[in-house]
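Read through the structure below, which is laid out as structure tokens, and then see the notes.
Just so it is clear: chains get the letters A, B, ... in the order the sequence lines come, proteins before strands, and each one is counted from 1.
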Amino acid sequence: MALKLSDLKTSAHNDWCPGCGDFGILNAVQMALAEMNVDPSNTVVVSGVGCSSKVPHFIKTYGVHTLHGRAIPFATGIKLANPNMEVIVEGGDGDGMGIGAGHFVNSGRRNLDMLYIIHDNEVYGLTKGQAAPTLGLGKKTKSLPSPNINQSINPIMLAMASGYTWVARGYSYDVRHLKDLIIKGIRHKGYAFLDVLQPCPTYNDIQSKEYWAGEGNLDAAGKQLPRTYKMEEAGYDGVVHSDDPAEVERKVQQAMLKSFEFGDRTPLGVFYQNEFVSTYGDRLAGHSPSYKTNPPAAQEIALPDGAPLANISRLLDDLKV
Amino acid sequence: MALKLSDLKTSAHNDWCPGCGDFGILNAVQMALAEMNVDPSNTVVVSGVGCSSKVPHFIKTYGVHTLHGRAIPFATGIKLANPNMEVIVEGGDGDGMGIGAGHFVNSGRRNLDMLYIIHDNEVYGLTKGQAAPTLGLGKKTKSLPSPNINQSINPIMLAMASGYTWVARGYSYDVRHLKDLIIKGIRHKGYAFLDVLQPCPTYNDIQSKEYWAGEGNLDAAGKQLPRTYKMEEAGYDGVVHSDDPAEVERKVQQAMLKSFEFGDRTPLGVFYQNEFVSTYGDRLAGHSPSYKTNPPAAQEIALPDGAPLANISRLLDDLKV
Amino acid sequence: MKRDDFSWMIGGVQGSGVDTSATIFARAAASGGLHVFGKREYYSNIKGEHSYFQVRVSKGTIRSHVDTVDMLATFEEETIFRHALEVRSEGAIIYDPDQDPKRLDQIPTVEANVRAALNAELSKAGLSADVKGIVELARRRGAHIYPIPYNTILKDVGAKHGETSLSALQRMLNVVAVAASFALLGYDEEVVKASVRNHFRSKPKVAEMNADAVGAAYDHVGQKYAGSFSYRLSPMKSTDVKLFVRGNTMVAMAKELAGCRLQTYYPITPASDESEYLEAHSEIQLDGAAQGDPQASEVAAMKKGSIAVVQSEDEIAAVTMAIGGGLAGVRSSTSTSGPGFSLMAEGLGYAGMNEVPVVVTLYSRGGPSTGLPTRHEQGDLRFALHAGHGEFPRFVLASGDLEEAFYDTVRAFNYSEKYQTPLIHIVDKALANSDSTMSALDPTKVKIDRGAFLNEITTAVNGEFKRFQHTPTGVSPRAPLGTKGGVNWYTGDEHDELGHISEDPVNRDYMMEKRMGKLDLADREIPISERVNFFGPEDADITVVSWGSTKGAILDAMEWLKQDGITVNFIQVRLVNPFPTEYVARLLSKAKRIVGIEMNYSAQLIGVVRERTCIPIEQLVVKYNGRPMSSEEIYGALKMIYEGNAPKKLVLKHGA
Amino acid sequence: MKRDDFSWMIGGVQGSGVDTSATIFARAAASGGLHVFGKREYYSNIKGEHSYFQVRVSKGTIRSHVDTVDMLATFEEETIFRHALEVRSEGAIIYDPDQDPKRLDQIPTVEANVRAALNAELSKAGLSADVKGIVELARRRGAHIYPIPYNTILKDVGAKHGETSLSALQRMLNVVAVAASFALLGYDEEVVKASVRNHFRSKPKVAEMNADAVGAAYDHVGQKYAGSFSYRLSPMKSTDVKLFVRGNTMVAMAKELAGCRLQTYYPITPASDESEYLEAHSEIQLDGAAQGDPQASEVAAMKKGSIAVVQSEDEIAAVTMAIGGGLAGVRSSTSTSGPGFSLMAEGLGYAGMNEVPVVVTLYSRGGPSTGLPTRHEQGDLRFALHAGHGEFPRFVLASGDLEEAFYDTVRAFNYSEKYQTPLIHIVDKALANSDSTMSALDPTKVKIDRGAFLNEITTAVNGEFKRFQHTPTGVSPRAPLGTKGGVNWYTGDEHDELGHISEDPVNRDYMMEKRMGKLDLADREIPISERVNFFGPEDADITVVSWGSTKGAILDAMEWLKQDGITVNFIQVRLVNPFPTEYVARLLSKAKRIVGIEMNYSAQLIGVVRERTCIPIEQLVVKYNGRPMSSEEIYGALKMIYEGNAPKKLVLKHGA
Ligand SMILES: Cc1ncc(C[n+]2csc(CCOP(=O)(O)OP(=O)(O)O)c2C)c(N)n1
Ligand SMILES: Cc1ncc(C[n+]2csc(CCOP(=O)(O)OP(=O)(O)O)c2C)c(N)n1
Ligand code: SF4
Ligand code: SF4
Ligand SMILES: [Mg+2]
Ligand SMILES: [Mg+2]
């Protein structure tokens, strides 16, 4: 039975500001899940804390709205426990690359098979518009009393440096393209990172919908040129096609160089994709084969009468005097 | 009066293992400070927790041995309070890029004028040799029961992605070269990062002194080829010579590409240096000019009788009914 | 119980200017010499959810809110549905009759159970579930209903100023609601206009238009409802009402006065307002001696200083940066609330171990976890007392009202620096976000005491300075990092006098006793007057024990109870650690009937009192629904207890 | 006080095999049916600092260490300097006479104050500050000195096996020291050889050479010192000595048995050993039913499972990953010690708020801050009870010995899952790092109780499942993430039955009462026998209250006191939260004289007892120098108290 978009809507009241870019991302996720016909009860959306992190409440799969900055380790625990579940992580840029930067970097080292979507609005929405790590040095959004005194982080570059094996960027008002990216990210075997440009009309008057649409960016004929473009359409191929280390290195470097493009011509699409890296699940199974065949969440641990199923007599034997 | 090396030695007992690479780094730091003839009482070495982080106790400047992973924010607080002090941060790779990765990344956004030295031994020394974030996937040091199941982080790349304005690598057994790098790093106006290859003979039998000396890396004639080389000697120039954004971008990209070299030919020296970025102190002073002229640690806050010097009557005026 | 104050409420959609209207109302009242207390309630949301503001006005001192609503000013439907039935009999409701057809089921932000309850009431009364119905129900229950044709009034005003944009006109809705309220109360029109002009002073045209809106509202009310509402509000000539303030601001100002020169923060509700205030006022005038003395010290005259305010990457960084500042000899602090404080536990222990002064201002909000981020609770006391593994000294100081928050902030830095110990200053959200008039503050009453702070090291041996030198008191002279004449070390490990790692058991005992002993020293040295407030007669029917923001409501309730012939005294503990055991035990041992009052589930302070004094306190009044205690609730609770009708744990439940 | 056990000590440089020798000694004794208790002391250092191991051996049950050293085995100078004077009169010192000329001032690892004290003693005695001098001083104080020519013995053995490498020979120093000790004690040579062979079983050649070294040492002692030492040790035929175990391992094994299938950790002393054990044993045999029943269930037979053991990037990740595992329905835990636990406060609150079962094993070590990472303290109890802002339920369980640690670990998972509440299991370092013989463990005694755990959702409405459904007990049926039949939500915010954010005050009250009420439920349901141990006669001269690893020393001391005619009973609190208030109050109200014994500065448990019972406990015995309490110290302290000679707070100070 095919999943309909409406099957993925919940009864929870959505209290995002009118015009918030979060709506587009929510729609794209729901469209992707519907198109993939996922089993909602085998899917979980895990988030941190922030405006964007309220998103699980609006999607009718399992939803875990966690702590500020901790979406990744919560999701990691869920995926480790139940590797057969579809795990999607979402959260804000402050959540993911401010307070959560340590997890962002170190989870890149694991290559767990999940998708992480950052709502990149360059501000801390829910706490009233302070600068997020993606806001450029000297930028002054309407929420800031004076220009930002921190340099910004480039999420794509940081993801590449951290070892994500699928790295992409989408735009919250290009819902169809975003939906396609989400599907690719979910299908990717390994850790996928999707940075989504998300206008926050309430606090960020710089990276606005109008800005991305090309306001003030006119061609010779005075026509607005949108500030985003699709890399793939421009001939870019981020996919690693063989596990030859030289090819891998080339593609990594290409993605890093590509990540420098930002502003008047901001690339959307897949910067990098490498299906040849073992997942963390594979690696655990290398050490303990039953991790694959009988993963934690699938294991019975006791008989109906409560007798434990684990037999530790071999462990006790080692301790015999 | 010139500072002698012996003036920088303390009475504290050094309990590193015989042959530990930490000794070379300690020596290099002391030599650098002596050569620069710093004022020990205007200098502070701040560290985290780990074998390497015991280092402040062996240097006769002020020393602050902090918490695991928190050397950077402690040092940040010190530097913010007393911008005229020389602040050097040291710590392990686990300390800096494992538990401390969030600070590593976000402090890169500030460009405070300090030097951060990581003792890169690829293991957690003080807790008995677990894998550090710099140990490669599948590597099995003698301390590990089975091969490492995490991918590694490239510290140079991470530092570049985080916005450090001076990024270099040294080797703990090339003390003179290391000393020169430390001097450069201290002199750099902005946030400097120095990754130091540091053999841990007790737990890491892979990245050993012999390995770096070229064991098993033979040329056609059967001669050992050292696995490190000096970039500058090979014609590499990491310095940004003008504040033209194109030049900056080129140099950043060059450093990132260079950081891919590792293993049989590992570059030492300065990957990147940019003196054109405003420091955090400058930026604070942009907002509050007295930060430069009368910084926190220099300010008197009370008269001898305890009367506060701050006059808040203008603030109170705003609240008058 | 006879209230002679007036309780006014306004509500609306978050982000639509509810705050502004309440501020204008309050300032207009305050500038007429009246005492004002304001309390804001809002969701953890940016735009769209319901928020409301309650402003209490009186000729005499008031310190709390009440549950009763004397007048409800509304301009949209949700506020009417949520609050109309709270209006007392003979109270007033101002509303826009254009809203009459709006239906309850069209408002998605109203919770299902709230909606169900309203539907039930309306249908029981045979009324429709729309604005018209609810207004009618309120009328039946005794409220006076004042329909105000907002749009007509606004259009007229707009026409006069050539303003036709609907959204521009809509922005004046608040002012019309405020003005209509004042008009009904017979309050001086010019005072209101002056207040409005002052509020919009940066935009003169807007100011004039709004002042005209005030006039139009007054005209309308004057024509239609002259004298119809019985309560009158009038300005008073001379009172001690001098300032109109909010909790965060009080703490921020006091930090500058206290000499705090490094403030770190990671954004969090309701703490970040304080840091943002400091950021906006980071240049500091250092001619402070002039405050008291016209012949100000020359050293300082006209000098300026700066407080570095830094947004950190997380709260671990915030607290460790502040400790770094403390090590460098700068009075440093960080402000946060529960979730952030949870991340500071390890840092606190480092400060304790290394005897670093640092002040953490903890704005306590509804927990646990993310909890109720914009709601009220005193739920963090026990955690503040025990945060961090192992044993180290710390001060825990809790203020009860805005004036206390001001002076306590200065004391916080003094205690922390003098005893070289971290200090947690709890300011609960009910203080942080409440507004109040108060009499003038006197910065010259404040003294700064830095304790054994060295500007130069003269005792170094071979260049090494014993930072943790053995002394009889346990307090060692402290030289900041950067002090000439020697160097020393710090480490989170147990250490010797120089600050080097030491695992020696003898040194360990000494250092533990040195550190922990400082609390005993402080216990001996800090006067009781700075640690506990005792209100009421020595001999009373009821002895209340409480702490923090409940102070105002308890004091207000005490006055009403006195009118009823019930005498109450009140032990307000401010310095919870070191706990003033002897003094409190002495007061309690004389008490007839002890009642613990706290805005949390488990009566945390009472646990501390039991632990320290072993005096059992069985009667509790608690509240944990996320709303602060009102003076009426406390009045009712104590009366019930006095009459012997209360359960052992009386749970207060009022709030919307 | 008459001890009939034997206390042996060996010391050496960290990393030089002190552990190995002690293990060989202990196993050789245990395999002879003797009871053994071993305690290790070491610096926070990898190589070079001094470490020592004390092994106590007895024919009867022993549960603690003593201060007295009956025999000191050494093979290098530092151990002689540090410990020679601890050897009792008539005790024995084994040493290498080649060390005689080594001077105290040549050992940089000896702390200045320790050196000064030794120098003073030696010079007072007119002896040189070298090994020769200290050995002479020990002899004068009554010790028997046994010089052993290690090098000669080793060279001879080496020659026989063609081994000339000095470092290879040096590696046998330990074995020679152990063998010489046993030889002096007249212990069966073959038992020792078998033990050595077993230890080196993976390297047969090394094993043989070491066995020969044992023989050579026996030969040497036999020739030179036959019968010269009076204490004899001999194997016993049948005893209940079955296992030789260490704390970490007990907990790890029990976790596998309890069904824990996700363990996260960030390396930290002394916790990581447990995780590393689990990592090395992550394949799990699931035919456990066979343990009790030869006709094992077919479902399970021969099936294998896996525990995922994950090194996280920090402890925040460790605890939140484990909570993630808990949400997914997997019994999950993390192990840490103080600094790591400090970082878990926020995560704990989330688990409490969302009713997620998760077990945190807290290996308590010397605090505060980095503190004394390899030393002992029970300093984290109060923090464990209150960690995390706001109010949420949690269990705090503390084990007193290795067997308890095993069974408590299983209970920990049961409580946590049944009441859907985080649990902190405190195992103090003195347990984690002590080794002990014990009788067999019985896995069939263990039952797993998962509480209201759903495998399928049948009650979803419109696909939405009420995870936090109102129930009379407060415990709602729980379906893991991934369960078919519906979905639900979790949030750190206050939430409704579905798990969606709710700020409604009525719902809030309900949810607070639901969560906190589970502790009352547990208080009613969990039998006292699992929560408190009560030892000794109902009616006793002294009633001791304590918790954790002091248990063994207290029990041992009680036996000695009984011999002296002093009766003691002992309340050992295991489940500190929910606190067994009524039961403890009842016992205490009958007590003649109550003594609180704790290995921390402020007597944390006693504070809890005072808070809960309001019974004042004034007499304390505490220790906070980083060394565990010995049975001798407790014996001495209680005797002093009995005789009325003790200060109110008696601080124990023994330890090196
Ligand atoms: C430990 C902790 N610190 C601070 C907060 C307060 N807080 C809530 S949301 C938020 C920032 C949200 O910004 P972002 O992650 O960019 O999400 P957005 O609202 O922009 O979608 C902060 C700091 C918190 N909840 N927890
Ligand atoms: C919060 C916390 N977690 C864990 C530890 C334990 N710990 C001490 S040192 C260390 C790792 C040290 O590794 P690294 O930083 O690489 O330094 P190295 O010892 O290799 O020089 C750890 C995990 C700690 N001290 N604090
Ligand atoms: S504040 Fe910004 S990010 Fe948050 S809901 Fe409003 S528009 Fe969206
Ligand atoms: S363990 Fe390794 S890093 Fe640590 S002191 Fe020894 S050699 Fe150096
Ligand atoms: Mg954001
Ligand atoms: Mg390391």
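When heavy atoms are compared at a cutoff of 4.5 Å, B:Leu315 approaches chain C by way of both its backbone and its side chain. Residue contact with chain B, scored on non-hydrogen atoms closer than 4.5 Å, involves the backbone and the side chain of C:Asn488 alike. Within the 4.5 angstrom heavy-atom criterion, no atom of B:Arg109 approaches chain C. Neither the backbone nor the side chain of C:Ala252 comes within contact range of chain B, judged by heavy atoms closer than 4.5 Å. Both the backbone and the side chain of C:Val487 come within less than 4.5 Å of a heavy atom in chain B. Looking at B:Thr10, both its backbone and its side chain come within 4.5 Å of chain C, counting heavy atoms on both sides. Of the two parts of C:Phe406, only the side chain, counted from C-beta on, holds a non-hydrogen atom closer than 4.5 Å to a non-hydrogen atom of chain B. For B:Asp318, the parts lying near chain C are the backbone and the side chain together; criterion is any non-hydrogen pair under 4.5 Å. No part of C:Thr264 comes within reach of chain B, as not one of its non-hydrogen atoms sits under 4.5 angstrom from that chain. In this structure, the portion of C:Leu498 lying under 4.5 Å from any heavy atom of chain B is its side chain and not its backbone. In this structure, chain B has a heavy atom under 4.5 Å from the side chain of C:Tyr277, while its backbone stays farther away. Residue C:Arg467 does not touch chain B at all, counting heavy-atom pairs closer than 4.5 Å. Proximity to chain B (any heavy atom under 4.5 Å) is shown, for C:Leu481, by both the backbone and the side chain. With a 4.5 Å cut-off on non-hydrogen atoms, C:Leu243 touches chain B through its backbone and its side chain both. Contacts of B:Pro295 with chain C are absent, with no heavy-atom separation under 4.5 Å from either backbone or side chain. Within the 4.5 angstrom heavy-atom criterion, no atom of C:Arg246 approaches chain B. With a 4.5 Å cut-off on non-hydrogen atoms, C:Lys484 touches chain B through its backbone and its side chain both. For a residue to count as touching a neighbouring chain, one of its non-hydrogen atoms must lie under 4.5 Å from one of that chain's; by this rule C:Asn414 does not touch chain B. No part of B:Thr293 comes within reach of chain C, as not one of its non-hydrogen atoms sits under 4.5 angstrom from that chain. Using a 4.5 Å cut-off between heavy atoms, C:Glu313 contacts chain B through both its backbone and its side chain.
Residues C:Lys304 and C:Asp287 are not paired through a salt bridge, judged by the lack of any N-O separation under 4.0 Å between the basic side chain and the carboxylate. Under the 4.0 Å criterion applied to side-chain N and carboxylate O atoms, B:Asp317 and B:Lys320 are assigned as salt-bridge partners. A salt bridge links C:Arg478 with C:Glu417: the distance from a Lys NZ or Arg NE/NH1/NH2 to an Asp or Glu carboxylate oxygen falls below 4.0 Å.
Among C:Val36, C:Asn354, C:Ile316, C:Val245, the residue with the largest count of heavy-atom pairs under 4.5 Å with chain B is C:Ile316. For the set C:His495, C:Lys447, C:Arg261, C:Glu283, the entry with the most heavy-atom pairs within less than 4.5 Å of chain B is C:Glu283.
You'll find the ring centres of B:Tyr191 and B:Trp166 outside the 6.0 Å limit.
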### Message
Applying side chain to side chain contact (heavy atoms under 4.5 Å, CB included) to C:Gln263 and C:Lys255, what does each step give before you reach the verdict?
### Response
CA-CA 9 Å; C:Gln263 164 95 353; C:Lys255 283 191 176 176; 3.1 Å; yes
### Task
Under the side chain to side chain donor-acceptor pair (under 3.5 Å) rule, what do B:Thr127 and B:Gln130 come out as? Steps first, then yes or no, please.
CA-CA 7 Å; B:Thr127 47; B:Gln130 297 89 352; 2.8 Å; yes
#### Entry: Intermediate values then yes/no, salt bridge (charged side-chain N to carboxylate O under 4.0 Å, His left out), B:Asp22 and B:Lys54
CA-CA 10 Å; B:Asp22 286 340; B:Lys54 292 180 180 173; over 6 Å; no
### Task
Apply ring-ring contact (aromatic ring centres under 6.0 Å, His included) to the pair B:Phe74 and C:Tyr490, showing each step before the final yes or no.
CA-CA 12 Å; B:Phe74 273 100; C:Tyr490 292 92; 9.9 Å; no
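Here the rule is side-chain contact (heavy atoms from CB on, under 4.5 Å) with B:Leu33, and of B:Asp7, B:Ile183, B:Leu8 only B:Leu8 fits it.
In the displayed structure, B:Lys128 atom NZ is contacted under 6.0 Å by at most 12 heavy atoms of other residues, nucleotides or ligands.
For B:Arg283 (side chain) and B:Ser278 (main-chain N/O), a donor-acceptor pair under 3.5 Å exists by modelled atom type. Proximity of a side-chain donor or acceptor of B:Ser288 to a complementary backbone N or O of B:Ala285 within less than 3.5 Å is not detected. Distance alone, capped at 3.5 Å, is enough to place a donor-acceptor pair between the B:Asn106 side chain and the B:Gly102 backbone. When atom types are taken as modelled, the side chain of C:Ser332 and the backbone of C:Val330 share a donor-acceptor pair closer than 3.5 angstrom. For B:Asn111 (side chain) and B:Gly190 (main-chain N/O), no donor-acceptor pair under 3.5 Å exists by modelled atom type.
Using cut-offs of 30° and 60° on the angle between ring planes, the pair B:Phe104 and B:Tyr164 is tilted.
Identified by a heavy-atom distance below 4.5 Å to chain C, the contributing residues of residues 81-100 of chain B are B:Ala81, B:Asn82, B:Met85, in residue-number order. The stretch residues 45-52 of chain B places none of its residues near chain C, where near means some heavy atom under 4.5 Å from a heavy atom of that chain.
Checked against salt bridge (charged side-chain N to carboxylate O under 4.0 Å, His left out), C:Glu346 has no partners two or more places apart in sequence or in another chain.
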Got a list of side-chain donor-acceptor pairs under 3.5 Å for residues 55-64 of chain B, not counting sequence neighbours?
{"residue": "B:His57", "atom": "ND1", "partner": "C:His500", "partner atom": "ND1", "Å": "2.8"}
{"residue": "B:His57", "atom": "NE2", "partner": "B:His65", "partner atom": "ND1", "Å": "3.0"}
{"residue": "B:Lys60", "atom": "NZ", "partner": "C:Asn462", "partner atom": "O", "Å": "2.7"}
{"residue": "B:Tyr62", "atom": "OH", "partner": "C:Thr483", "partner atom": "N", "Å": "3.4"}
{"residue": "B:Tyr62", "atom": "OH", "partner": "C:Thr483", "partner atom": "O", "Å": "2.9"}
{"residue": "B:Tyr62", "atom": "OH", "partner": "C:Gly486", "partner atom": "O", "Å": "3.1"}

